Amino acid sequence: MLARTLSALAEPHRLRMLDALREGPQPVAVLGAAAGLAQPQTSKHLRVLREAGLVGVRPDGQRRLYALRATPLREIDEWLQRYRNVLDANYARLDELLARGDDDSRPKRQKKEERAR
C-alpha cells in the first residue's frame, strides 16, 4: 500500500491537487485549476489518487466533491517516523558531544599522536 501511495504522490499535478484539498472538499473544476489541467486530465489524476486511497468522493447535487483521506497519509508518516528516530538519535549524540566539548570525531591515530606529545 505504501508503494502505491508514494507512486501516486510522485506526480506533481497530483501533489497540487492534494494541496488544494487541504482547504477542504473541492469539485473537479477547482482541483483542475489548482493543477493547471483540463477536466479530462484532472479526472485521470483523481482516479489514481482515489485508487491509492488518498482521496474520497461524494456527490453534492450535480457535482462531485473530492476530499482527502487520512489513512494513507498516516501510513507515510509512520514510515517516515522510523527515519526520524534514527536522525533524532544521531542529533542527540551530536548534542552530547558538543555539550562535553570533546572532539571525538578525530581519528584514533591523531588522538594517540596528541597524547604522545
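This is a predicted model, so every value here is computed, not measured.
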Spell out, yes or no, whether [X] and [Y] are grouped together once hydrophobic residues are joined by side-chain heavy atoms under 4.5 Å, including indirect joins.
X: L80; Y: L73; value: yes
X: V57; Y: V48; value: no
X: M17; Y: V30; value: no
X: Y83; Y: L2; value: yes

Are [X] and [Y] packed together at the side-chain level, in the sense that at least one heavy-atom pair is separated by less than 4.5 angstrom?
X: V55; Y: L18; result: yes
X: L9; Y: I76; result: yes
X: L54; Y: L68; result: no
X: V28; Y: R64; result: no
X: L31; Y: H45; result: no

At what distance, to the nearest 0.5 angstrom, does CZ of R69 lie from CZ of R74?
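Taking CZ in R69 and CZ in R74, the distance rounds to 12.0 Å.
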Please find the pair of heavy atoms, one from [X] and one from [Y], that lie closest to each other, and give the distance.
X: Y66; Y: L21; result: O-CD2, 3.1 Å
X: A52; Y: P72; result: O-CG, 3.9 Å
X: H13; Y: E11; result: N-OE1, 2.7 Å
X: P25; Y: L65; result: CB-CB, 4.2 Å

For Q81 and D77, run side-chain hydrogen bond (donor to acceptor under 3.5 Å, both in side chains): C-alpha distance rounded to whole Å, both residues' side-chain angles, the deciding distance at 0.1 Å, then the answer.
CA-CA 6 Å; Q81 186 59 43; D77 189 53; over 6 Å; no
Candidate pair N90 and R93, rule side-chain hydrogen bond (donor to acceptor under 3.5 Å, both in side chains), full reasoning
CA-CA 5 Å; N90 288 339; R93 284 195 301 269; 2.2 Å; yes
Is the backbone N or O of A38 less than 3.5 Å from a side-chain atom of Q41, with the two atoms forming a donor-acceptor pair by type?
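Yes, because the side chain of Q41 sits within donor-acceptor range (under 3.5 Å) of the backbone of A38.
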Between S7 and A3, is there a donor-acceptor pair closer than 3.5 Å when you use the side chain of the first and the backbone of the second?
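Flag not set: sc S7 to bb A3 has no pair under 3.5 Å.
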Does the side-chain hydrogen bond (donor to acceptor under 3.5 Å, both in side chains) test come out yes or no for E75 and T71, once each step is laid out?
CA-CA 6 Å; E75 290 170 354; T71 302; over 6 Å; no
Checking side-chain contact (heavy atoms from CB on, under 4.5 Å) for the pair R4/E51: CA distance, chi angles, key distance, verdict?
CA-CA 9 Å; R4 188 179 202 176; E51 289 172 357; 3.6 Å; yes
